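Heads up: the structure comes next, in structure tokens.
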Amino acid sequence: EASDWVVVVDGYGADISVIRGHLVIRDGFASEGTLREIYFPRGRCEVERIIVRAPAGAVTFDAIDWCSRMGIAIAFVGSNSRLINCLVPDGPHDGPVKRAQAVSGITDDALRLARFVLARKFESQIHALGVEIPRLGLPSGRDAQLQTATREIENCLRDLPTDSTLDSLLMREGRAAQLYWSVLSGIPLLWPAWALRRVPHHWSTISPRISGGRARVRDARDPFNAIINYCYTLLEVETRIACAAYGLDPDFGILHVDDRLRESFVYDLLEPVRAVVDVLVIEFVRAKGLRPYMFHELRDGVVRLDPDLARSLAVSLMPKMREPIAMEAAIYVAELRRTTVPYRLPRFASRTAPHYRRGRIPPTRPGYCEYCKQPVPKKRLKFCGRHCYLRHSVEVRQPIKLAYVKLAELRANGLSPGHGGEAARKRGIKIAESNRHRAMELTPEERRARRTAQQRVRRMRQRLHTNGALES
């Protein structure tokens with residue numbers, strides 16, 4: 001089965017190659033009779049994601065080049081739902097954004113950005129608990145627990161500005177996650193009656209987010225957490241693609257510290273979208289239902305997904321993750337552009353430099369944006385774009401606040417614009433005209449006829465005055 005947007009490759013001996021200009025995907029299980037061969041022409045290919053879960057196979061160089069030119073990302077996912085690698089087509093390179101990412105980790109902007117990411121995550125959790133989870137229907141008797149958890153997470157969001165260290169921020173994040181999962185834990189899953197007699201008891205409900213027997217989060221011991229782990233991996237793929245699309249560097253993390261074998265910023269950016277994925281998974285489970293053949297329990301109790309379920313999850317849920325993570329990336333870039341980037345290397349020589357000669361015109365120094373402090377593209381410009389101009393007008397100049405201050409000063413001096421000067425003269429003319437109409441007791445039709453006659457006389461007088469001026 002292939003979606004118009006996502007294709008999942010699974011089975012032994014899978015192969016992705018190019019034949020006569022077509023992308024050819026061969027996969028499936030010979031023992032089950034599910035072998036398939038799909039051809040994708042360049043002009044009619046609507047695929048944008050290829051998820052490879054095959055334990056063995058090959059991807060040719062020309063297939064990688066074909067996908068890169070067509071804007072198709074190829075993600076390799078292991079059986080334990082771990083992302084092995086992701087080949088993302090090259091996107092725009094935004095040097096100022098990446099430099100701001102690198103600098104923000106060693107300046108005061110790091111605390112601001114960390115609070116911003118956690119605030120977005122808390123808001124997403126509050127929305128999930130307050131709107132999405134009640135819409136799906138909670139078991140009776142959980143309303144009080146839901147309200148308590150929502151209120152406590154709102155308190156975490158309110159007290160977030162008081163945290164000034166990474167440890168305090170992570171402790172607050174852990175507290176909010178504990179409250180969030182305390183509501184979801186114990187919700188019954190949709191199993192048939194005959195299946196409940198066969199599966200382990202802890203499979204029948206949503207279990208808390210804890211590590212498996214080998215102290216790794218990927219080793220889920222129940223079906224729901226196995227699905228969540230796989231969907232978080234799909235979200236990681238979309239996050240890497242969003243980073244490439246918006247010019248963000250996936251390595252410069254804020255909350256997730258630097259690691260040689262981890263792209264830290266990817267996990268920072270996907271945090272606010274985890275609650276969205278949780279809701280999507282609950283909706284999927286309640287709509288499709290669960291069956292024992294969808295999962296495989298290993299001898300150590302670790303649960304793995306069946307290939308058919310993994311394909312169905314990717315095809316159904318991955319397109320719904322694209323917009324939320326792209327929006328988070330765009331919002332983070334806008335917040336990142338407020339970072340002040342200090343440049344230690346001077347770009348132009350000073351007037352006291354030895355090579356500067358009197359009488360020689362010094363090189364023109366380009367201006368810098370008054371909002372984001374980045375070099376402007378042309379001389380004599382104050383802002384690098386309309387976005388910075390609008391943000392500067394609202395946040396720095398604050399014209400509405402200045403207008404209120406000026407109005408208060410005028411009123412204190414007895415010069416209120418609404419009660420004197422030109423406003424009083426115009427108001428007096430209107431009042432006098434209204435009084436004349438009231439005294440004459442004219443109907444609306446008579447007033448319109450009188451106004452038309454007055455305008456006719458005024459035009460005649462103006463014409464006579466113009467003719468007299470020309471004769472003289």
Side-chain angles (χ1 to χ4, degrees), residues 94 96-97 99-101 103-104 107-127 130-131 150-151 153-164 169 246-248 254 269 272 323-324 326-342 365-431 433-434:
D94 198 334
V97 168
R99 189 179 296 276
Q101 272 189 278
V103 170
S104 61
T107 61
D108 296 336
D109 293 299
L111 183 60
R112 174 178 62 85
L113 293 173
R115 291 172 178 171
F116 175 77
V117 172
L118 286 184
R120 296 287 299 177
K121 180 177 181 178
F122 293 164
E123 291 171 358
S124 178
Q125 290 176 341
I126 293 171
H127 178 75
V131 178
T150 304
R151 186 168 54 253
I153 297 177
E154 290 176 350
N155 294 337
C156 292
L157 177 61
R158 186 186 64 249
D159 299 338
L160 192 60
T162 61
D163 297 329
S164 58
L169 290 172
Y246 286 89
L248 293 164
I254 297 295
L269 189 59
E323 183 178 352
M327 182 180 65
E328 290 298 327
I331 294 174
Y332 190 85
V333 167
E335 189 72 16
L336 195 63
R337 291 190 186 277
R338 298 175 54 191
T339 302
T340 302
V341 180
R365 183 181 182 88
Y368 290 86
C369 179
E370 295 185 5
Y371 181 75
C372 64
K373 308 304 179 184
Q374 299 297 324
V376 294
K378 295 182 180 179
K379 301 176 184 177
R380 295 183 294 277
L381 290 181
K382 294 184 178 181
F383 303 97
C384 57
R386 179 174 177 80
H387 174 76
C388 289
Y389 167 72
L390 296 177
R391 295 296 294 269
H392 182 273
S393 300
V394 175
E395 299 177 6
V396 180
R397 290 183 62 251
Q398 299 180 348
I400 298 178
K401 185 181 295 185
L402 294 176
Y404 279 125
V405 173
K406 184 64 176 180
L407 184 60
E409 293 178 357
L410 292 174
R411 288 174 176 172
N413 297 330
L415 301 174
S416 178
H419 299 280
E422 185 67 16
R425 187 184 68 81
K426 293 181 179 179
R427 185 167 56 253
I429 295 175
K430 291 292 184 181
I431 293 175
E433 184 179 359
S434 177

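This one's a predicted model, so the numbers in the text were calculated from it and none came from an experiment.
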ask   = What is the distance from atom NZ of Lys121 to atom CD1 of Ile153, rounded to the nearest 0.5 Å?
value = 10.0 Å
key: Over all atoms of both residues, closest heavy-atom pair of Tyr246 and Ala329   = CD1-CB, 3.7 Å
remark   = Interatomic distance, OG1@Thr339 vs CG@Asp109, rounded to 0.5 Å, equals 4.0 Å
remark   = Looking only at heavy atoms, the pair that brings Arg338 and Arg112 closest together is C-NH2, 4.1 Å
query = Which value, rounded to the nearest 0.5 Å, describes the distance between Cys388 atom SG and Phe383 atom CZ?
reply = 8.5 Å
ask   = To the nearest 0.5 Å, how far apart are CD1 in Ile254 and CG in Leu269?
value = 12.0 Å
Minimal non-hydrogen separation, Leu169 against Leu118, with atom names = O-CD1, 3.6 Å
task = First locate atom CG of Leu113, then atom CD of Glu335, and finally report the distance between them rounded to the nearest 0.5 Å.
result = 6.5 Å
Pair Asp94 + Arg337, salt bridge at N-O below 4.0 Å = yes
request  = Looking only at non-hydrogen atoms, find the nearest pair between Leu111 and Asp163 and report the distance.
outcome  = CD1-O, 3.7 Å
Would you give me the side-chain donor-acceptor pairs under 3.5 Å for residues 399-410, sequence neighbours excluded?
from	atom 1	to	atom 2	distance (Å)
Lys401	NZ	Gln398	OE1	3.2

message = Does Phe116 form a side chain to side chain contact (heavy atoms under 4.5 Å, CB included) with Tyr332? I'd like the steps, not just the answer.
response = CA-CA 9 Å; Phe116 175 77; Tyr332 190 85; 4.3 Å; yes
ask   = Is the number of heavy atoms from other residues, nucleotides or ligands within 6.0 Å of OH (Tyr389) greater than 12?
value = no
ask   = Can you tell me how far the CD atom of Glu370 sits from the SG atom of Cys384, to the nearest 0.5 Å?
value = 11.0 Å
Least distance between heavy atoms, Pro272 atom then Val117 atom = CG-O, 4.0 Å
ask   = If you look at every heavy atom in Leu336 and Ser104, which pair is closest and at what distance?
value = CD1-OG, 4.3 Å
